[in-house]
Amino acid sequence: MHSRSAILKISRAHRLVALPLAVLAFAAIWVTVSSATGSGRSTTSPDIQEFVVEARQFSYSPSVIHVAEGQRVRITLRAMDVTHGLALDEFGIQVKAVPGRPDQIEFVADKSGAFPLRCTQTCGVLHPFMAGRLVVSPNVPFQTSLALAVLLTASALCFLWLRRDSSSSLVQGGATHTVWEGTAVAAASNTHGAVRFDLLALRGVSRFLRWRGFQFAMMLPLLVLMVLVVTAGLRGTPVGSHNIAIVFVWLLWWPLLMILLVPLGGRLWCAVCPVPGPGEWLQRRAFIARGPMQLLSLGRRWPAKLRGMWLQNAAFLIIALTSTVVLTTPMATATVLIAFFALALTLALVFPGRVFCRYLCPLGGFIGLCSLAAPLALRVKDEAVCVAHREKECVKGSGAGYGCPWFEYPGTLRRNAYCGLCAECLKTCPKKNIAIGLQPAGHDLVVGSGRLDEAFRTFIALASAALYSAVMLGPWGWLKMLAGNPLAPYFALYAALLLGTSLVVVPGIFLFAAWWSRSLSGTRHMPATRLWQDFSYSLVPLTLAAWIAFSLSLVFTSGHYVLPVLSDPLGHGWNLFGTAGFEGGPVLMGLLPFLQVAALLTGLAWSIGIGWQLARRSFPAPGRALRALVPVALFLLGTTATFLWLFLGGS
Amino acid sequence: MKTEFLALTLVLLVAVGVPAGVVIYDSAQRPPNEIVLVGQTPLKGNWSQREIRVKQGESVRLRLTSEDVTHGFLVPDLGINAGLISPGQFTTVTFTADRPGTFNFYCNNLCSHEHGAMVGKIVVE
C-alpha cells in the first residue's frame with residue numbers, strides 16, 4: 001500500500017515536471033529549426049530593395065526595416081521637420097538629410113541580425129534616443145540566443161532533476177526559517193566563515209580602511225566632479241551630449257557603477273558617494289577626526305512606519321518616470337543632484353546618522369538590492385564574540401569612531417542590503433571582529449526571510465529595466481513621444497505604463513508563477529503570496545544582468561562623447577586637453593550583442609541557481625523543491641526572452 | 001585640529017573654487033570683440049540676440065552655435081552664408097560692414113514650424 005502510493009506520487013511528480021520540460025524541449029527544437037531554415041520574410045529579390053524613411057523628432061517611419069540577407073538595399077532619408085541623420089554603424093555608413101533635401105545610402109545587407117539605426121544630427125531633447133532598426137533575416141543572433149536560453153533552462157532543470165537525491169545540503173545561515181512541510185528546520189545560525197577572503201589581512205587595505213580619513217579622501221575627488229557636474233548643468237550648454245553633466249553622469253558613472261562596481265563591490269559606491277558628505281560633516285562637526293560624542297542634530301527618531309524600502313521605491317519610481325528628461329537635460333541632472341545634497345543635509349540635521357542614504361536615496365535602494373548578489377561583504381568574524389561583548393561600540397560609537405550611521409548592528413549583519421561599507425565599525429570594534437572580504441556571490445539572496453518592500457523593489461527594478469530599454473534603445477517612436485514630456489497630457493499614459501508594469505503586471509505574472517509553483521509542489525496549505533515574496537529574490541541576478549546589458553548599450557553607442565567633453569565640459573568650445581575635436585562614433589558595435597547575450601544568459605543561469613536554493617529552503621524534499629522551481633524558471637526564461645527581443649530585435 | 005582645518009579649506013576650495021574657476025575660465029576664453037550668437041527655435045527663445053549692433057568699418061567676429069536642432073545662418077545683404085549651425089558645434093564668421101544700415105539675418109535651415117520667425121538684424125552704425 002505504502003509503496004504503491006509512493007509510486008503514484010513519483011509518477012505524478014514526473015508528469016508535473018515532464019509537461020513544462022516537454023514544452024521547453026519543443027520550444028527549443030522549434031526555435032532551432034526556424035533559425036536554421038530562416039523564418040524571415042521572403043523577398044522576391046529585385047536587384048535592389050528601396051525604402052523611403054521619413055525622419056521626424058524623434059522617430060523614423062518606418063522605424064523597423066526588414067530585408068533578407070544578401071539583399072542590396074537603398075534607403076532614402078527624408079527629414080520632415082528638422083535636420084536629421086541616419087547611421088548604420090554596423091555597416092559603416094551614414095547619411096544626413098536637411099529638410100527638403102533628401103539623401104540616400106546604398107549597401108548590401110551582408111550580415112544577419114538586428115542593427116540599430118541612429119540619428120547623427122542633434123535634433124532636439126530626445127535626439128540620443130532617436131533610433132530605428134534594420135532587421136536582416138534570418139535574425140540568427142536573436143534566434144540562436146533564444147534557443148540557448150531555452151536549452152539552458154531545460155538543461156538546468158534536467159540537471160537538478162537528475163541530481164535531486166544527491167544534493168541534500170540546505171542553505172546555511174539565516175534565521176530560523178519556517179518550512180512548509182510541517183517541520184521547522186533549525187537553520188544553521190552561524191554565518192561564521194561566510195566571508196572567505198578577509199581583505200583586512202592585507203596590511204595596506206586594513207590601514208587605509210581603519211584610517212579616519214578614509215571616507216573623506218574618497219569623497220573629496222568625487223565632490224570635485226559633482227560640483228563640476230552641477231556647475232556645468234546649470235551654466236553649460238543644454239545639449240546633453242556636449243555637457244559633462246550628462247556625459248559623465250549617465251554615460252560614464254552609471255555604466256561603470258552597473259557593469260563593474262555594483263556586481264563586484266555591492267554598495268561600495270555608498271562608501272565613497274559625496275552626497276551625504278556635507279550633512280555628515282555638519283552633524284559630526286568634523287571632517288576626519290572623531291568629533292564631539294554628541295551628534296549635532298535635532299536627534300529625532302526616524303518614524304518606524306517609514307523604515308523599510310517603500311520611500312526608496314517611490315523615489316526610484318519618480319526618477320524613473322522622469323528619466324528621459326533627466327538623462328538628456330543637463331539642467332535636470334544638476335537639479336536632481338542639488339535636491340539630493342539638500343535633502344541629505346536637511347535630514348542629517350534632524351535625524352542622526354545617514355537617514356537619506358538608508359531610507360530615501362532612490363539609488364541607494366537600487367544598489368542595496370543588487371548588492372545582495374555581490375561578493376564583497378562586511379561581516380563579523382565570530383558572532384559569539386559579539387554576543388558576549390556588551391559594550392556594543394559598533395552601535396553606540398566610541399572614541400575611535402561613530403556608531404553605525406546606517407542603523408545596522410554588525411553582530412547580526414547577514415546581508416549586504418543596508419551596509420554602506422563606511423568602515424566605522426572597523427574602527428570602533430575593540431575586538432577586531434569585523435571582516436571585509438569575499439563571499440560566494442549571491443549568498444545574501446538566500447539568507448533572511450522575504451520582505452514585501454524588497455520584493456517590490458525587485459519588480460520595479462526589473463520592469464524599469466525593460467521599459468528603459470524599450471524607450472531609450474527601441475525603435476518605437478510613439479513610446480519616446482509618450483515618455484519625452486512630463487508636462488504633456490499624454491504623459492499620463494506613460495506613467496500608467498511604467499507604474500502598471502512595475503507594480504501590477506510584473507508582480508502579477510510572478511504571483512501567477514508562485515501560485516502555479518504552489519500547486520505543482522502540492523503544498524496547498526501554503527500561501528502563494530509567501531512563495532511569491534520568497535522567490536522574488538531569484539529575480540535579482542537576472543535583473544542585474546538586464547541592467548548591465550542596458551548600460552553596455554549606453555557605453556558602446558555613446559561612450560565616445562566622454563573624450564570631447566573632457567576637454568570641453570560645458571560645451572562652450574573650450575579645449576583643455578586637446579580632445580575637444582575628437583569625433584568618434586559608436587565602437588565595436590558588433591561585439592555589443594554578444595556581451596548582452598552573455599550577460600543575460602549568465603543572469604538566467606544564476607537566477608535559476610538561486611531559485612533552486614530558495615526552493616530547497618522552503619521544501620526540504622528535493623523533488624518537491626524542483627517542481628516548485630519549474631514555474632519560476634519559466635518566468636525567468638520568459639523575462640530573458642523579453643530582454644533578448646528588446647536588445648536583438650524580432651525575427 | 002590641523003588636519004581638520006586643512007580638510008575644511010579643501011572642501012571650501014572645491015565648493016567655491018570649482019564654480020568660480022569655471023566661470024572665470026569661461027569668460028577668459030572669449031576674445032573681447034567676439035559676439036556669441038546662439039540659435040534656438042522661436043518657441044524656445046529664438047536667436048540669443050535679435051539685434052546686433054556693430055560699427056562701420058570694424059571687424060566683427062561672430063561665433064555661431066545652436067542649442068537644440070540644426071539651424072543655418074544667412075545674411076543676404078552682407079553676402080554671408082555660414083552653412084549649417086549644429087548643436088555642440090561652433091562656426092566662426094568674420095566680416096567687416098562697409099556701409100551703414102540694417103541687415104536682416106535668417107535661419108536658412110528648416111528648424112520648426114516657426115522657422116520663418118527666426119530672424120534678427122545687424123545694425124551697422
Side-chain angles (χ1 to χ4, degrees), chain A residues 57 79-85 96 98-101 121-125 127 212-213 216-217 219-221 223-232 234-243 274 277-278 281 285-289 291 561 564-565 568-576 580 583, chain B residues 1-31 34 36 38-41 43-45 63-72 83-92 107-115 118:
Chain A
Q57 287 169 324
M80 308 306 284
D81 43 17
V82 305
T83 308
H84 291 285
K96 169 164 121 180
V98 164
R101 260 184 291 151
Q121 304 298 310
T122 307
C123 61
V125 190
H127 156 73
R212 279 231 55 89
F216 185 80
M219 281 178 177
L220 193 67
L223 189 69
V224 175
L225 266 182
M226 284 250 190
V227 174
L228 184 61
V229 158
V230 169
T231 313
L234 298 179
R235 285 193 56 101
T237 174
V239 183
S241 51
H242 294 273
N243 192 312
W281 298 327
R285 282 162 288 170
F287 294 92
I288 296 172
Y561 287 120
V565 156
D568 185 14
L570 272 70
H572 279 181
W574 304 5
N575 199 352
L576 293 175
E583 273 194 41
Chain B
M1 219 51 226
K2 223 167 153 188
T3 44
E4 285 299 296
F5 188 73
L6 182 70
L8 176 68
T9 318
L10 283 174
V11 168
L12 289 180
L13 206 65
V14 171
V16 181
V18 171
V22 166
V23 172
I24 292 168
Y25 186 81
D26 204 28
S27 50
Q29 283 292 94
R30 307 248 169 280
E34 189 179 73
V36 180
V38 181
Q40 278 196 313
T41 50
L43 261 182
K44 285 188 158 182
R63 193 170 154 83
L64 300 158
T65 190
S66 157
E67 290 193 341
D68 50 8
V69 303
T70 308
H71 296 284
L84 296 179
I85 309 298
S86 297
Q89 259 134 39
F90 296 86
T91 311
T92 308
C107 166
N108 62 342
N109 184 44
L110 192 62
C111 63
S112 67
H113 294 305
E114 295 80 25
H115 165 67
M118 220 174 139

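Lettering of chains follows the sequences in order, A, B, ..., and the numbering in each one begins at 1. No hydrogens, no waters, no symmetry mates; every other heavy atom, side chains included, goes into these values.
The backbone N or O of B:Ser86 sits nowhere less than 3.5 Å from a side-chain atom of A:Gln121 that would complete a donor-acceptor pair.
Of the atoms belonging to B:Ser66, it is backbone heavy atoms, and not side-chain ones, that fall under 4.5 Å from chain A. Proximity to chain B (any heavy atom under 4.5 Å) is restricted, for A:Leu570, to the side chain, taken from C-beta onward. Proximity to chain B is absent for every atom of A:Val230, based on heavy atoms less than 4.5 angstrom apart. If you measure heavy-atom distances from B:Leu8 to chain A, the contacts under 4.5 Å come from both the backbone and the side chain.
Within 6.0 Å of CZ in A:Arg285 there are more than 12 heavy atoms belonging to other residues, nucleotides or ligands.
Between the OH atom of B:Tyr25 and the NE2 atom of A:His572 there is a distance of 13.0 Å, given to the nearest 0.5 Å. Summarising the geometry, atom CG belonging to A:Asp81 is positioned 12.5 Å from atom NE2 belonging to B:His115; distances are rounded to the nearest 0.5 Å. To the nearest 0.5 Å, atom NE2 of residue A:His127 and atom CG of residue B:Asp68 are 12.5 Å apart. Here OG1 of A:Thr122 is found 12.0 Å from CD of B:Glu67. Values are rounded to the nearest 0.5 Å.
For the pair B:Val11/A:Phe216, a side-chain contact is recorded, criterion being any heavy-atom separation below 4.5 Å from C-beta on.
Of all the listed residues (A:Pro238, A:Gly571, A:Ala79), the one sharing the greatest number of non-hydrogen pairs under 4.5 Å with chain B is A:Pro238. Of the listed residues B:Thr70, B:Asp26, B:Val23, B:Val22, the one with more heavy-atom pairs under 4.5 angstrom with chain A than any other is B:Asp26. Interface summary for chain A: among B:Pro19, B:Gly21, B:Ala15, the most heavy-atom pairs under 4.5 angstrom belong to B:Pro19.
The minimum heavy-atom distance between B:Gly88 and A:Val239, with the atom names listed, is N-CG2, 4.4 Å. Between B:Glu4 and A:Ile288, the shortest heavy-atom contact is OE2-N, 2.8 Å. Taking all atoms of both residues into account, the shortest heavy-atom contact from A:Val82 to B:Cys111 is CG1-O, 3.0 Å. Taking both residues in full, the closest heavy atoms of B:Val69 and A:Cys123 are given as CG1-O, 3.2 Å, listed atom of the first, atom of the second, then distance.
The salt bridge (charged side-chain N to carboxylate O under 4.0 Å, His left out) search around B:Glu34 returns B:Arg61, B:Arg63, not counting sequence neighbours. Not counting sequence neighbours, A:Tyr561 has no partner by the ring-ring contact (aromatic ring centres under 6.0 Å, His included) test.
Side-chain atoms of B:Asn109 and A:Thr83 include a donor-acceptor pair closer than 3.5 Å.
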field: Test side chain to side chain contact (heavy atoms under 4.5 Å, CB included) applied to A:Phe287 and B:Leu6, step by step
entry: CA-CA 10 Å; A:Phe287 294 92; B:Leu6 182 70; over 6 Å; no
task: May I have the step-by-step check of side chain to side chain contact (heavy atoms under 4.5 Å, CB included) for B:Val14 and A:Leu220, ending in yes or no?
output: CA-CA 8 Å; B:Val14 171; A:Leu220 193 67; 4.1 Å; yes
